[in-house]
Amino acid sequence: MRLTNVAHLRLPFGRLMGYDVRVSAPGRPLTVSFDQRRHVHAGERPGSWMAISFRLPEPVPRDALATAWLAVIARHGTLRSVFVPGDDGEPRLHEVEVSPGAWTEHDIAPGQSVNDALRDQLDAACTPYSRPSHRLSVLETATGPTVVIAADHAHVDMWSMLVIVRDLLAGLGDISAGRDPELGEAPSFADHSAALRDRPPAPDEVHRRWREVIESSGGTMPRFPLPLGEPAAHAERVEVRDVLDVDDSAAFSAQASADGVSTLALAVSAMTGVTRELAGTSLRAVFPVHSRYEATWHDSAGWFITNSVLESADADPRACAASVKEAVQLGSWPLADILSPWGGMPEAPGMFAISWLDLRRLPVRVDAAGLEAQYISAAIRTDGVMLWFILDESGLHLRCRYPDTPDARQHVGQWLDRLVERLRRLARASASSRLAVGDREYRVQRATRSDVPAVVALLADDEVGGSREDPRAARYETAFDVVARDTSQYLAVVRDESGRVVGTMQLTIIPGLLRAGTTRLQIEGLRVAAGERSHGVGAAMLAWAHEHGRARGASLAQVTTDEGRERARAFYERLGYETNHVGLKRPL
């Protein structure tokens, strides 16, 4: 899922509509979490919200959207609660009743971008003390609406946004089927806050480690280890980077598995190494961890995030895995008790935070690609560095927000460049790309444009290809460009110890409805250099191809080979392929 902010958001042009619900006077008081209190205590301000946008494939009546949205609000207690400033200046949280309202059109002025118009609307509607502090917005186009759901951060986290989208789609599905949406009520976040507040206090060891990390950071929460410029709030600079594509992401995960650690731990290893290289110090960061300890809360919306601290001095992946484990443990206790010696969270300019979300592991799923879903942050002024990682079926993505100063541009930019390069290097040197054949080791890689001559030479080097291929033809490079742009294609090369291309194959992932929706792996053009044949290289390539397919959801592999290739056919049959279909071809 794309991770962006409102200034970088990709939005169609259309009528910008917002749905204004009616809210009752504040009612029953509710428990306020530590992080909610800290967030709301900062007061009314623009940019305290987060949002998610997604596109519906066809027009939907506004009444249907409003009805489904009201059903979502009825399901989640946090959307039926508001903050009120107390007489002592402390925020109070109260339950409210929410009833149907009306749609309002928001003009997009001449020369104004859709993004700016949306931001103005959400900055006004989704503040800590707004009633309510959430908003359903819609950009209406002829092909269907783009929906934006936003809420002040005190009420939601990234996981919650997926829950809300899933529930809204379920409500629309009920309405489309002629039923009233019946989503049921999910366990309330306020109840979770009360349960967390009532947990036993943290043991002495947890207090000791928090104190050590804070003291190592100069008596404050961890700060970015390189200069950021004047220690004051500046306009933000946001960088959005697609770090690993689906293939490199799978390779990165395979390397983490080979190291006996999680993908998060391997990423922390990369960050630790980069921090050592550039700053000569340990990696220390604020580390948000979710507090959905029990499945009870998996389908609830709320700010189920608490803060921990991560300290990693050793870039060895197993040492980093231990640091991540410790950070999760340090974040498993009530923070009010832990941070009381400092009178609350000891924040300072330059605070450094790292957030990690693996969408593939969440128990709630939506079709992010089909919906063109995007996580959106607001535009703010900042004095710190915040790094978000998102790992999903399309790869590893990051968003980084930091002060837009010359020092921060230089130092954060350099840190990010080194980090991305290191992550990609780990992926491309992954254990998953290695082929061990006897006492030799080969490496499988995605072909580059410079590999095209070597690939074509392999395709031409046999009894059939010799008469079919023409290594002099310029159209091979044009064909390569088409293949390289298609994410379902993987044109592989196999290199020996010297880097010479000694094998190639083209792998295609084919989703379909046949065989109860089976996804297939198509293997074409598997060739091994003459001097490497009959040594097991082809069998190792085929085994690698099967793992590639499994990692992308394929459960059936298929190959085609010319009837004149008797040796190739015997090779495939020896490795379990059956000749139980007839393939027919004709020129077009």
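Numbers here simply count residues along the sequence, with the first being 1. The figures that follow rest on heavy atoms only: side chains count, while hydrogens, waters and symmetry mates do not.
Counting heavy-atom neighbours within 6.0 Å of D88 CG, excluding the residue itself, gives a total above 12.
Every pair passing side-chain hydrogen bond (donor to acceptor under 3.5 Å, both in side chains) that includes a residue from residues 197-206 is listed here, sequence neighbours excluded: E205-R208.
S81 and H94 are not linked by any side-chain donor-acceptor pair at a separation below 3.5 angstrom, with hydrogens and angles left out of the test. Counting only N and O atoms by type, the side chains of S193 and T31 include no donor and acceptor under 3.5 Å apart.
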*Passes salt bridge (charged side-chain N to carboxylate O under 4.0 Å, His left out), E185 versus R80? Steps please.*
CA-CA 12 Å; E185 188 163 1; R80 291 179 282 107; 2.9 Å; yes
*Under the side-chain hydrogen bond (donor to acceptor under 3.5 Å, both in side chains) criterion, do N115 and H8 qualify, and how do the steps go?*
CA-CA 8 Å; N115 295 29; H8 296 196; over 6 Å; no
*Checking side chain to side chain contact (heavy atoms under 4.5 Å, CB included) for the pair W333/T306: CA distance, chi angles, key distance, verdict?*
CA-CA 9 Å; W333 303 93; T306 187; over 6 Å; no
*Evaluate side-chain hydrogen bond (donor to acceptor under 3.5 Å, both in side chains) for T405 paired with H234, printing each intermediate quantity in order.*
CA-CA 7 Å; T405 66; H234 299 268; 5.7 Å; no
*Check the pair L310, R284 against side chain to side chain contact (heavy atoms under 4.5 Å, CB included), reporting the backbone distance first and the verdict last.*
CA-CA 6 Å; L310 171 71; R284 295 187 187 92; over 6 Å; no
_Using the rule given for ring pair (Phe, Tyr, Trp, His ring centres under 6.0 Å), can you reason through F34 versus H39, listing the C-alpha separation, both sets of side-chain angles and the distance that settles it, and then say yes or no?_
CA-CA 9 Å; F34 175 86; H39 173 87; over 10 Å; no
*Apply the test side-chain hydrogen bond (donor to acceptor under 3.5 Å, both in side chains) to residues S137 and Q121: give CA-CA distance (whole Å), side-chain angles for both, the deciding distance (0.1 Å), then the verdict.*
CA-CA 9 Å; S137 301; Q121 179 196 145; 2.5 Å; yes
*List the steps, then state whether salt bridge (charged side-chain N to carboxylate O under 4.0 Å, His left out) holds for R166 with D299.*
CA-CA 10 Å; R166 181 203 62 189; D299 290 320; 2.8 Å; yes
*Could you give me the CA-CA distance, side-chain angles and deciding distance for R424 and D248, then say whether salt bridge (charged side-chain N to carboxylate O under 4.0 Å, His left out) is met?*
CA-CA 7 Å; R424 288 174 177 169; D248 282 345; over 6 Å; no
*Report the C-alpha separation of Q374 and T4 in whole Å, then their side-chain angles, then the decisive distance to 0.1 Å, and conclude whether the side-chain hydrogen bond (donor to acceptor under 3.5 Å, both in side chains) test is met.*
CA-CA 7 Å; Q374 304 177 77; T4 186; 5.2 Å; no
*Check step by step if salt bridge (charged side-chain N to carboxylate O under 4.0 Å, His left out) holds for E239 and R237.*
CA-CA 7 Å; E239 294 195 33; R237 176 159 290 272; over 6 Å; no
*So W159 and H290, ring pair (Phe, Tyr, Trp, His ring centres under 6.0 Å) or not? Walk me through it.*
CA-CA 9 Å; W159 183 330; H290 78 76; 5.4 Å; yes
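Using a distance-only test at 3.5 Å, with no hydrogens or angles considered, no donor-acceptor pair links the side chain of S269 to the main chain of A265. Listed for the D383 side chain is no donor-acceptor partner under 3.5 Å among the backbone atoms of P231. Counting only distance, with no hydrogens or angles, the side chain of Q36 and the backbone of S33 share a donor-acceptor pair below 3.5 Å. Remark: side-chain polar atoms of S300 are paired, donor with acceptor, to backbone N or O of P187 under 3.5 angstrom. In terms of modelled atom types and a separation under 3.5 Å, the side chain of S308 and the main chain of F287 share no donor-acceptor contact. Side-chain atoms of Y402 never come within 3.5 Å of backbone atoms of V412 as a donor-acceptor pair (strictly under, hydrogens ignored).
Under the side-chain contact (heavy atoms from CB on, under 4.5 Å) rule, L79 has a single partner from I73, L70, V98, V96, which is I73.
When side chains are defined from C-beta on, E311 does not count as touching L283, because their heavy atoms never get closer than 4.5 Å. Looking at L371 and L169, their side chains come closer than 4.5 Å, going by heavy atoms from C-beta outward. Between L396 and D242, every side-chain heavy-atom pair lies at or beyond the 4.5 Å cut-off. In this structure the side chain of L93 never reaches within 4.5 angstrom of the side chain of R28, judged on heavy atoms. Contact of the D35 side chain with the N307 side chain is registered, since non-hydrogen atoms from C-beta on lie closer than 4.5 Å. At least one side-chain heavy atom of L387 sits under 4.5 Å from a side-chain heavy atom of M271. Residues S430 and F252 have side chains not in contact (no heavy-atom distance under 4.5 Å, counting atoms from C-beta outward). Contact check for I52 versus L162: side-chain heavy atoms found under the 4.5 Å cut-off.
To the nearest 0.5 angstrom, D404 atom CG is 11.0 Å from T382 atom OG1. Rounding to the nearest 0.5 Å gives a distance of 3.5 Å between NE2 of H192 and OG of S291. In this structure, the separation between NE2 on H207 and CG on D337 is 4.0 Å, given to the nearest 0.5 Å. Between atom CD1 of residue I149 and atom CG of residue L122 there is a gap of 11.5 Å, rounded to the nearest 0.5 Å.
Ring centroids of W415 and F352 are separated by less than 6.0 Å, placing the two rings close together. Between H397 and W388, the ring center distance fails the sub-6.0 Å criterion. For an aromatic pair to be called close, the ring centres must be under 6.0 Å apart, and W69 with H134 satisfies this. Aromatic ring centres of W49 and H153 lie farther apart than the 6.0 Å criterion allows.
For R37 and E90, the salt-bridge test passes: some basic side-chain N is under 4.0 Å from an acidic carboxylate O. Between D417 and R241 there is a salt bridge, since a side-chain N of the basic residue sits under 4.0 Å from a carboxylate O of the acidic one. With respect to the salt-bridge test (charged N to carboxylate O, under 4.0 angstrom), the residues R22 and E97 do not qualify. Between R360 and D358 there is a salt bridge, since a side-chain N of the basic residue sits under 4.0 Å from a carboxylate O of the acidic one. R418 has a carboxylate O that lies under 4.0 Å from a charged side-chain N of E277, or vice versa, which qualifies the two as a salt bridge. With respect to E372 and R55, a salt bridge is recorded, a charged nitrogen being found less than 4.0 Å from a carboxylate O. Taking a cutoff of 4.0 Å between a charged side-chain nitrogen and a carboxylate oxygen, R292 and D157 qualify as a salt bridge. Using a 4.0 Å cut-off between charged nitrogen and carboxylate oxygen, D20 and R135 count as a salt-bridge pair.
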